[in-house]
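Accompanying notes for the structure given below.
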Number of protein chains: 2
Amino acid sequence: MERKTRQRDAIRQVFEEIPRPLGPQEVLDAGREHVAGLGIATVYRTINALLDTGWLVPVELPGEPPRYERAGAAHHHHFHCRGCARVYEIPGCPGDLQELTPAGFALEGHEVVLYGRCARCAAA
Amino acid sequence: MERKTRQRDAIRQVFEEIPRPLGPQEVLDAGREHVAGLGIATVYRTINALLDTGWLVPVELPGEPPRYERAGAAHHHHFHCRGCARVYEIPGCPGDLQELTPAGFALEGHEVVLYGRCARCAAA
DNA sequence: ATAGATGCAAAGGGTTTGCACTTGA
DNA sequence: TCAAGTGCAAACCCTTTGCATCTAT
């Protein structure tokens, strides 16, 4: 990430404009509104570079290709809507997961994903 | 799944012999000890057929290709060891996830994955 | 000027599919 | 017998990489 380029500006801007975890193709589509000829390889390379610098973090949901979101948010989990496939952030955390851990196992982290219908899809 | 074949018997047997979620390649390796010329395409086709019949269920962990296990176990979650990469079943469940769900959202299911070191890797 | 960055196209890795051959009923 | 099932190889999809060209500094 030594140079500032139109492509990288566009990709960073996409993550700042859209406040939910995005996949590479979504980044490409949105990024092309800023830089017409943007290529998918540049999106992948830039995402990986932004992960290295810590500006992005991966959001990996079971059975889904990875999405990415801006780093810096507090500990949170995600709600995956079965209607529109969008992913929403959830502020809370169940806690108390230590008691689920088998004896002798060292718990270092956890992931919680909720599934269902978001407000819009539940109403429809 | 109309016919009983050596290949299908071998694949079902693998899942009965090894009591943890398995990926297609693991099934192929273990299955070849029963049927020498077993092909990966047959493994995939049979896994998909066993999913359709409900004999298998997918175990999808964030950032991992899907594994499969025999259906019928009670509701449970998984512990993913960062040392040996094995996946262990955890009997408990945090519950109380409804209160994490945003207003208006309909909660239908959830997934919990714990990360850390299994007993053997924690001791090493 | 020149090394870093880009875009294209080819290469990789994992999964699915087409097709001729095999085999269970 | 003969359609379902199998194995091989090709096709696919997503991601990474090689390379010639472009561009920020």
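Keep in mind that this is a model prediction, so the values were computed, not measured. A note on names: the letters A, B, ... follow the listed sequences, proteins ahead of strands, and every chain is numbered from 1.
Looking at A:D9 and A:R12, a side-chain N of the basic residue comes within less than 4.0 Å of a carboxylate O on the acidic one, giving a salt bridge. A salt bridge does not link B:E69 to B:R20: none of the charged side-chain nitrogens sits closer than 4.0 Å to a carboxylate oxygen.
The CD1 atom of B:I11 sits 12 Å away from the P atom of D:dG5 (whole-angstrom rounding). Look at CG on B:D9: it is 13 Å from P on D:dG5, rounded to the nearest Å. For the pair A:E64 CD and D:dC14 P, the interatomic distance rounds to 12 Å; values are reported in whole Å. Here the P atom of nucleotide C:dT16 and the CD1 atom of B:I47 are 9 Å apart, to the nearest Å. What separates CE of B:M1 from P of C:dA25 is a distance of 12 Å, to the nearest Å. Computed from coordinates, the B:N48 CG to C:dT16 C1' distance equals 9 Å when rounded to whole Å. Between the CZ atom of B:R8 and the P atom of C:dT22 there is a distance of 19 Å, given to the nearest Å.
At the phosphate of C:dT22, neither OP1 nor OP2 sits under 4.0 Å from any side-chain N or O atom of B:Q7.
In summary, the side chains of B:H75 and B:H110 do present a donor paired with an acceptor at a separation below 3.5 Å, with no hydrogens or angles considered.
Looking at which nucleotide of DNA chain D each of B:A41 and A:A41 is closest to, the 5′-most match is held by B:A41.
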In the 5'-to-3' direction, what one-character label does each nucleotide of nucleotides 19-25 of chain D receive under the scheme B = base within less than 4.0 Å of a protein heavy atom, S = sugar-phosphate only, - = no such atom? ----BBS
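Applying the ring pair (Phe, Tyr, Trp, His ring centres under 6.0 Å) test to A:H78 and every residue at least two apart in sequence or in another chain returns A:H76. Among residues two or more places apart in sequence or in another chain, the side chain to side chain donor-acceptor pair (under 3.5 Å) test is passed with B:R3 by none. Legend: residues meeting side chain to side chain donor-acceptor pair (under 3.5 Å) with B:E64, ordered by chain and number and at least two apart, are B:R67. Residues satisfying the salt bridge (Lys or Arg N to Asp or Glu O under 4.0 Å) test with A:E2, not counting sequence neighbours, are none.
Near DNA chain D, defined here as any heavy-atom distance below 4.0 Å, the residues from residues 21-39 of chain B are B:G37, B:L38, B:G39, listed numerically.
Note on ring orientation: taking the six-membered ring where Trp is involved, the planes of B:H80 and B:Y115 are tilted (angle from 30° to 60°). Aromatic ring orientation, A:F79 versus A:Y88: perpendicular (interplanar angle above 60°, classes split at 30° and 60°).
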